[in-house]
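Before I ask anything, let me first share the structure, which is written out below as structure tokens.
Heavy-atom basis, side chains included; hydrogens, waters and symmetry copies ignored. Naming: A, B, ... by sequence-line order, numbering from 1 per chain.
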2 protein chains.
Amino acid sequence: MASGISLKELAAQLNLAPSTVSRALNDSYEISDKTKEKVLKMAEKLNYQPNPFARSLRENKSNAIAVIMPERINAFFAHFIDGLESITQDHGYHLLVYSTHEDLEKEKKIVNLLLNGRADAVIMSVSSQTSDISHLKMLHERGLPILFFDRVCSEIPTTKYITNDYQVSYEATKHLIQQGCKKPAFLMLSEGISITKERHRGFLAALKEAGISTEPHLNKVCFQDESENVKVIEELLSSEAPPDGILASVEKLAIASYMAAKNLELKIPKDLKVISFSNMRIAGLLNPSLSTISQPAFEMGEECGRLLMKKLTRPKQPDFPDELVVLPSKLTIRASTMVE
Amino acid sequence: MASGISLKELAAQLNLAPSTVSRALNDSYEISDKTKEKVLKMAEKLNYQPNPFARSLRENKSNAIAVIMPERINAFFAHFIDGLESITQDHGYHLLVYSTHEDLEKEKKIVNLLLNGRADAVIMSVSSQTSDISHLKMLHERGLPILFFDRVCSEIPTTKYITNDYQVSYEATKHLIQQGCKKPAFLMLSEGISITKERHRGFLAALKEAGISTEPHLNKVCFQDESENVKVIEELLSSEAPPDGILASVEKLAIASYMAAKNLELKIPKDLKVISFSNMRIAGLLNPSLSTISQPAFEMGEECGRLLMKKLTRPKQPDFPDELVVLPSKLTIRASTMVE
DNA sequence: TTGTACGCGTTATCAA
DNA sequence: TTGATAACGCGTACAA
């Protein structure tokens, strides 16, 4: 529809062969400077734009990168993509962005869409439902370069970008205990995913160190739906042995905790202290301001982009090494965990 | 690299001509049911995936839609894309997503990238810097279907999705006045863009109706950078004739206002009432909870997607009508504009 | 009902 | 230094 002039037509205008024009445009050493100049000028004049699909077909290369993430409404993912885009755009790469909405079936469908070469690589943070990973294995076995970030899939041998989940959860929990919490709770989206495990381990380690016994009901698996989560947390908070502190492993659970506390007229931090993994800019403007563990999302995206570009823009690059790249998170103490 | 089997290879496996296989896969009436079944089965077995670029080249159709927006860290845009994706994905379309970061030069570069047919349509919300619109005109003149949402470009004759900016700004301002504001201020990112103008008109209309004279310094053009905005608003709030209310035309200016008030130890809503266009889920959890005008972002994305799919999935569709589709926003009063 | 031949717009190989 | 030709994978007009 909106196609412009083709290489052939451009060549006709110049009384040259298409192959000559192609070489001139690609600055081949075989072409005389005079011809190059003439071609470039005419291409400019006629606003010639190479057809990306002809090129992709010929070169077996899409110049596109697929990003698959569990949700869009989350500052972490938005920042990550900003960082990624800041690197890839300068290399002429386009971003195909997909959200799984934490749904494994949707994730499988999307992954399937990428089996045909539409993207040169996949960058992914898996859904909280992702227990079966056959679709990811297939993607990797097909030879499509794949990177993970945040919610990684350890069974696939490739590079994964994460934060120091264990360490920072440990510190956050220790902070809760220092602020007087005797019965902190850990809120998670799913037990299956990587970050949950690590963050939970850090939580449990701090408890153990402080001699606090782990009560099963204080390690709560929540759901996808917000109102459901609010209900679940309300029940937790009004149970016989309610928690006096919360470490939320993802942002949305901190928000649900605030809502639940509000509904039950519990005061944060007096009745309940809350700290959460979160990249919200406005954590400091909440009522009360929220103590957070914030990940270096933009930098993570940049690093991911750099590794990717290194592989895609040079010939004969090795596969991504099977390693964990750990970027440290930042703990910011605010009112929600202060002693009154 | 990650390419699977081709149509030709699939045909060879079946002892059939590629054209026969192609027709079978496309469910052509010319092919016998028996052959179709055989082909489908083998395609399944060998996990055949058609090459999207060969197809795009042949059909002059990318099956991709470009979305250009000013920023990612904004719930409105995230929700909009969620809504859009919910429609387009079922039709086999992919989303290429770009952020201009409110930078006109970046916007031009991105638009230029789309001149070659990489996307079948463009959905756009222009940057606050976009005064020169030659790049958008060229896109439209090339015949590429283009839709605008939120920040529209009135000079391009196509369909634009907006909210009732004038009306709802008028109501929000009236609300401020009813709550006792004598000198409300209007904060905007740029005077040039469509929504700013409409929202400002509504603001001024309410002022006029209430017999409040317009003071130039209370109609403030802000910047891109957050810390700069905080400074600008601090200056405004500590000027000789400071405002006692703020209508922020975009979310980030409400956040900057909260920060400025905090820094100056002004109490919201006692010293200053604040209301803002915003799609934050957690407006109700801010300190104090923020009165908002929220746009139906997801629905806007859906409607946009439906119109787009109607055009792209059927032959010989007319151009998008040059009209404004107005979806109403919702005014939610919270603590930030309450009388104490 | 199926097969043959061609072209979409590029780039690479080979010949001139 | 330039030109002719083939090929990437697919869909379709035409032939069988």
Query raised in the report: In whole angstroms, how far is the C1' atom of dT5(D) from the NZ atom of Lys8(A)?
Result: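 Whole-Å distance recorded here is 13 Å.
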Report task. Remember a base hit wins even if backbone is also touched, and classify Thr35(A) as base, sugar-phosphate or nothing at under 4.0 Å, heavy atoms. Result ->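 Sugar-phosphate: the residue Thr35(A), judged by heavy atoms under 4.0 Å, touches backbone atoms but no base.
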Query raised in the report: Which nucleotide in the set dT2(D), dC10(D), dT10(C) lies at the smallest distance from any side-chain heavy atom of Pro50(B)?
Result: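 Ranking dT2(D), dC10(D), dT10(C) by closest atom to the Pro50(B) side chain puts dC10(D) first.
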Requested in this report: Side chain of Ser32(B) only, please: which of dG3(C), dT1(C), dG9(C) is the nearest?
Outcome: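 Closest nucleotide among those given: dT1(C).
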Query raised in the report: To the nearest Å, how far apart are Leu7(B) CG and dA7(D) C1'?
Result: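 Value for this atom pair: 16 Å.
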Requested in this report: Start with the C-alpha gap between Phe80(A) and Phe149(A), add the side-chain angles, then the distance that decides, and say whether ring-ring contact (aromatic ring centres under 6.0 Å, His included) holds.
Outcome: CA-CA 9 Å; Phe80(A) 179 89; Phe149(A) 69 101; 3.6 Å; yes
Query - Whole-Å distance separating the CZ atom of Arg23(B) from the C1' atom of dG9(D) - result: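 So the CZ-C1' distance, Arg23(B) to dG9(D), works out to 16 Å.
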**Report entry** Shortest side-chain distance from Asn51(B), nucleotide among dC10(D), dT10(C), dT2(D)
**Finding:**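 Given the options dC10(D), dT10(C), dT2(D), the side chain of Asn51(B) is closest to dC10(D).
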Requested in this report: Could you tell me whether Ser22(A) contacts a base, only the sugar-phosphate backbone, or nothing, with contacts defined as non-hydrogen atoms closer than 4.0 Å?
Outcome: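 Base contact - Ser22(A) has a heavy atom under 4.0 Å of at least one base atom.
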Query raised in the report: Have Ser28(B) and Asn26(B) got a donor and an acceptor in their side chains that come within less than 3.5 Å?
Result: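 Per modelled atom types, Ser28(B) and Asn26(B) side chains form no pair under 3.5 Å.
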Query raised in the report: Touch check for Ser6(A), heavy atoms < 4.0 angstrom, all strands: base, sugar-phosphate only, or nothing?
Result: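 Sugar-phosphate: the residue Ser6(A), judged by heavy atoms under 4.0 Å, touches backbone atoms but no base.
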Query raised in the report: Just how far, in rounded Å, is C1' of dG7(C) from CD of Glu59(B)?
Result: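 So the CD-C1' distance, Glu59(B) to dG7(C), works out to 13 Å.
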Query - Under 3.5 Å side-chain donor-acceptor pair for Ser22(A) and Ser19(A) - result: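 No, Ser19(A) and Ser22(A) have no side-chain donor paired with an acceptor closer than 3.5 Å.
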Query raised in the report: With a non-hydrogen cut-off below 4.0 angstrom, is Glu9(B) in contact with a base, only sugar-phosphate, or nothing?
Result: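 Nothing, no heavy atom under 4.0 Å.
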Query - Separation of atom CG in Asn60(A) from atom C1' in dG9(D), rounded to whole Å - result: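 About 10 Å, once rounded to whole Å.
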Query raised in the report: Closest to the Ala17(A) side chain: dT12(D), dG9(D), dG3(D)?
Result: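 Closest nucleotide to the Ala17(A) side chain: dG3(D).
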Report task. Look at all strands and tell whether Arg55(A) reaches a base, only sugar-phosphate, or nothing, counting heavy atoms closer than 4.0 Å. Result ->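 Sugar-phosphate, no base atom in range.
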Query raised in the report: Lys36(B) or Leu57(B): which one's nearest nucleotide on DNA chain C is closer to the 5' end?
Result: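 The answer here is Lys36(B).
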Query raised in the report: Atom CD1 of Ile5(B) and atom P of dC8(D): how far apart are they, to the nearest Å?
Result: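 About 14 Å, once rounded to whole Å.
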**Report entry** Given DNA chain D, 5'-ward residue of the pair Ser19(A) and Tyr29(A), judged by closest heavy atom
**Finding:**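 Comparing both residues, the 5'-ward one is Tyr29(A).
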Query raised in the report: Rounding to a whole Å, what distance do you find between Asp27(B):CG and dG11(D):P?
Result: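 Atom-to-atom, Asp27(B) to dG11(D), this comes out as 13 Å.
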